[in-house]
Amino acid sequence: VDPMRLRIPVFGALMKKVAVARVTRNLATMVGSGVPILRALQVVGATSGNWVIESALTRAGEAVRNGATIAEPLAREKVFPSTGPQMIAVGEKGYPHEICGLMLGKSGGTRVVTEIFECGNLNKLKPETRYDMDPKDYLRGEALARQKGLEVVGIFHSHPDHPDKASETDRQAAGCQTPEIAIEHD
């Protein structure tokens, strides 16, 4: 039933977005609370209320258990937007250091992310706890966005071994409120 529900025009896409948002929020909460990633994937999948998503997370957990990164199996699952696993892959590649990237897409009432662009960390003193974006990377990402008819709609960065909340340093550096951002589904 779930695969058919997810294919219903308009309603199916909305159901998928709601389910994926719930899964990512719950997964972030569990991992942020110290639950091991394999257990978190299992629990979140079982409580997703959607067989398609539960199956995708089960397969992802099995792949991780067999040595895959988290991003690899999630990227293969068409139920998740491609930009999510791309951001995860940047974080995995940079661990244990903080990473950063630009979210490219369209702005309007809600900013919609369609692609990501990885940026380099200039901070060589404490790269595991501080991120200084290379301005040249920002300009390259902005140029790429323009070439594709997009714009920079946001910036993402990691706190590898710290809470998944913006720190006071992050808020001061951003100088603005957190915008509402939507990840576009492929």
Side-chain angles (χ1 to χ4, degrees), residues 13 16-17 19-25 27-28 31-32 37 41 56-57 60 63-64 68-186:
K16 186 185 293 187
K17 287 178 183 180
V20 169
R22 185 181 313 124
V23 162
T24 54
R25 186 174 49 251
L27 190 59
V31 172
I37 188 65
L41 287 169
L57 291 176
V64 170
T69 67
I70 298 166
E72 291 168 354
L74 291 179
R76 287 192 295 267
E77 299 295 341
K78 298 304 175 197
V79 72
F80 302 109
S82 63
T83 50
Q86 288 173 13
M87 283 188 258
I88 292 169
V90 171
E92 289 174 329
K93 183 173 103 181
Y95 186 83
H97 298 155
E98 286 200 3
I99 57 88
C100 183
L102 305 178
M103 294 182 281
L104 311 180
K106 299 281 186 178
S107 63
T110 299
R111 298 171 188 199
V112 178
V113 179
T114 56
E115 296 184 39
I116 64 130
F117 180 85
E118 182 179 353
C119 296
N121 187 352
L122 294 177
N123 190 316
K124 302 303 179 206
L125 295 175
K126 297 185 93 180
E128 63 283 349
T129 59
R130 289 285 177 254
Y131 195 92
D132 296 322
M133 182 187 296
D134 185 337
K136 291 177 185 173
D137 282 344
Y138 187 92
L139 293 173
R140 281 191 287 272
E142 201 172 47
L144 177 66
R146 271 195 308 275
Q147 286 175 355
K148 295 182 172 198
L150 304 172
E151 56 197 293
V152 175
V153 297
I155 297 172
F156 69 94
H157 91 275
S158 69
H159 289 176
D161 294 317
H162 306 290
D164 60 349
K165 306 256 185 294
S167 68
E168 186 56 36
T169 303
D170 295 337
R171 284 190 288 280
Q172 288 174 2
C176 62
Q177 298 294 329
T178 304
E180 180 179 337
I181 295 178
I183 303 294
E184 182 174 279
H185 203 289
D186 306 319

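Treat the numbers as computed from the prediction; the structure is a model and nothing was measured. Count residues from 1 along the sequence.
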- [ ] State whether the side chain of Asp137 and the backbone N or O of Gly120 hold a donor-acceptor pair below 3.5 Å, judged by distance alone.
- [x]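 Judged by distance alone, yes, a pair lies under 3.5 Å.
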
Open item on the list: Has Asn121 got a side-chain atom pairing as donor or acceptor with Arg130's backbone, closer than 3.5 angstrom?
Closed with: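 Flag set: sc Asn121 to bb Arg130 pair under 3.5 Å.
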
Open item on the list: Could you tell me if Glu115 and Thr83 have a donor-acceptor pair between their side chains, going purely by distance under 3.5 Å?
Closed with: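 On atom types as modelled, these side chains do not qualify, holding no pair under 3.5 Å.
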
Can you measure from [atom1] ([X]) to [atom2] ([Y]) and round to the nearest 0.5 angstrom?
| X | Y | atom1 | atom2 | value |
| --- | --- | --- | --- | --- |
| Asn123 | Cys100 | CG | SG | 12.0 Å |
| Tyr131 | Ile155 | OH | CD1 | 9.5 Å |
| Ser158 | Met87 | OG | CE | 12.0 Å |

Task: Salt bridge Lys126-Glu98, side-chain N to carboxylate O under 4.0 Å - done: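 No.
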
TODO: With the side chain counted from C-beta on, respond yes when Phe156 and Val113 share a heavy-atom pair under 4.5 Å apart, and no when they do not.
DONE: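 No, their side chains stay 4.5 Å or more apart.
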
[X] to [Y] - nearest heavy-atom pair and separation:
| X | Y | result |
| --- | --- | --- |
| Gln86 | Ile116 | OE1-CG1, 3.2 Å |
| Asp134 | Leu122 | CA-CD1, 3.6 Å |
| Ala63 | Arg76 | CB-NH2, 4.0 Å |
| Leu27 | Ile37 | CD1-CD1, 4.2 Å |

